[in-house]
Amino acid sequence: EQRTRTSTAGRLHLGFLGMSAPFKGFGLVENWIRRTAQQPLVWHLYGDVHESLRADAQKLCDEYGDRVLLQGRQPPSVIYPNIDVLIHASMEFDSFPTVLLEAARAGLPVVATNLGGSVEIVAHEQTGFLFSPTSPEDGLRWLQLLVQSPELRDSMGHAARARFVAEFGVERMVAQYADCWS
């Protein structure tokens, strides 16, 4: 069920599920955190923190206090109700990033790199925004657009949920398997 997103204390909550490996884009997210420091944003960083990221992640938390939160590994039922936008900043090919499906199921807009299966899951400018990892400025621009427009976040979130149900729901998968086997 899609939740109605209301930011707390005027803050927008952004989720990043990539602390377990450097290739998931923490460096890009770290840059965006610094560049949006004056905005009322809270960054939720999920996943077991990879050793190579530990010092930089802790420095961000120390520097920004309650605006950057290391959340550790959490189940989707904890993550998605607590964020308003998902950031998927993977720097390498991912054939089918399930975090994007989970975000769509939760009715969340995303800003994601255009690698691998992201282009199959995210309908650019309808359910979220896609950008090339070689053009992180484009991603930041898309993020800023979502930050500034609750209406856009809401419409993209509804579109993401509808797309999830129509394209990625169990019923469709079962029907496709049945067609394949018959």
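Residues Val85 and Leu143 come closest through the heavy atom pair CG1-CD1, 4.4 Å. Between Arg153 and Gln148 the shortest heavy-atom distance is NH1-N, 4.5 Å. Nearest heavy atoms, Ala178 versus Ser182: O-OG, 2.8 Å. Between Ile87 and Phe16, the closest heavy-atom pair is O-CD1, 3.6 Å. Minimum heavy-atom separation, Trp32 to Leu140: CZ2-N, 3.2 Å.
Here Arg67 contributes atom CZ and His13 contributes atom NE2; the two are 11.0 Å apart, rounded to the nearest 0.5 Å. Expressed to the nearest 0.5 Å, how far CG of Leu53 lies from NE2 of His50 amounts to 6.5 Å.
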For a side-chain contact (heavy atoms from CB on, under 4.5 Å) check, start with the C-alpha distance between Arg105 and Arg161, then their side-chain angles and the critical distance, and finish with the verdict. CA-CA 5 Å; Arg105 182 173 182 249; Arg161 174 70 181 162; 3.4 Å; yes

Can you list the steps and then say if Leu14 with Val42 is a side-chain contact (heavy atoms from CB on, under 4.5 Å)? CA-CA 6 Å; Leu14 308 175; Val42 178; over 6 Å; no

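Proximity of Thr127 to Phe164: side-chain heavy atoms (C-beta onward) are nowhere separated by under 4.5 Å. A 4.5 Å side-chain heavy-atom check between Gln144 and Thr36 finds at least one atom pair inside the cut-off. With a 4.5 Å cut-off on side-chain heavy atoms, Glu102 and Val99 count as touching. Considering only heavy atoms from C-beta on, Leu69 stays 4.5 Å or farther from Leu45 through its side chain. Here the side chains of Glu30 and Trp43 are not in contact, with every heavy-atom distance at 4.5 Å or above. With a 4.5 Å cut-off on side-chain heavy atoms, Lys24 and Met91 do not count as touching. Inter-residue side-chain proximity for Trp142 and Leu130 is flagged as unmet; no heavy-atom pair is nearer than 4.5 Å. Under the 4.5 Å side-chain criterion, counting only non-hydrogen atoms from C-beta, Tyr46 is not in contact with Met19.
Under 4.0 Å is where a charged nitrogen must lie from a carboxylate oxygen, and between Glu51 and Arg54 at least one such pair does. The residues Glu63 and Arg34 are annotated as salt-bridged, a charged nitrogen and a carboxylate oxygen being separated by less than 4.0 angstrom.
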Could you list the donor-acceptor pairs under 3.5 angstrom formed between side-chain atoms of residues 70-78 and any protein atom two or more places apart in sequence or on another chain?
from: Gln71; atom 1: NE2; to: His44; atom 2: ND1; distance (Å): 2.7
from: Arg73; atom 1: NE; to: Asp48; atom 2: OD2; distance (Å): 3.1
from: Arg73; atom 1: NH2; to: Asp48; atom 2: OD2; distance (Å): 2.7
from: Gln74; atom 1: NE2; to: Gln71; atom 2: O; distance (Å): 2.9

What pairs of donor and acceptor atoms, side-chain ones from residues 131-138 against any protein atom, are under 3.5 angstrom apart with sequence neighbours left out?
from: Ser132; atom 1: OG; to: Thr134; atom 2: N; distance (Å): 3.2
from: Ser132; atom 1: OG; to: Thr134; atom 2: OG1; distance (Å): 2.7
from: Glu137; atom 1: OE1; to: Arg35; atom 2: NH1; distance (Å): 3.3
from: Glu137; atom 1: OE1; to: Arg35; atom 2: NH2; distance (Å): 3.1
from: Glu137; atom 1: OE2; to: Arg35; atom 2: NH1; distance (Å): 2.5
from: Asp138; atom 1: OD1; to: Arg141; atom 2: NH1; distance (Å): 3.0

Review item, side-chain donor-acceptor pairs of residues 108-121, under 3.5 Å, at least two apart:
from: Thr113; atom 1: OG1; to: Ser90; atom 2: O; distance (Å): 2.8
from: Ser118; atom 1: OG; to: Thr113; atom 2: O; distance (Å): 3.3
from: Ser118; atom 1: OG; to: Leu115; atom 2: O; distance (Å): 3.3

Residues 55-62 side chain polar contacts: donor-acceptor under 3.5 Å, at least two apart:
from: Gln58; atom 1: NE2; to: Asp62; atom 2: OD1; distance (Å): 2.9

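Taking hydrophobic clusters as Ile, Leu, Val, Met, Phe, Trp and Tyr residues chained together by side-chain heavy-atom distances below 4.5 Å, Val165 shares a cluster with Tyr80.
Residues that satisfy the side chain to side chain donor-acceptor pair (under 3.5 Å) test with Gln38, not counting sequence neighbours, are absent from this structure. Annotation: salt bridge (charged side-chain N to carboxylate O under 4.0 Å, His left out) contacts of Glu167 (sequence neighbours excluded): Arg172.
Remark: of the listed residues Leu86, Leu100, Thr98, Leu86 is the sole one forming a side-chain contact (heavy atoms from CB on, under 4.5 Å) with Leu17.
Under a 3.5 Å cut-off, the side chain of Ser149 and the backbone N or O of Leu145 do not form any donor-acceptor pair.
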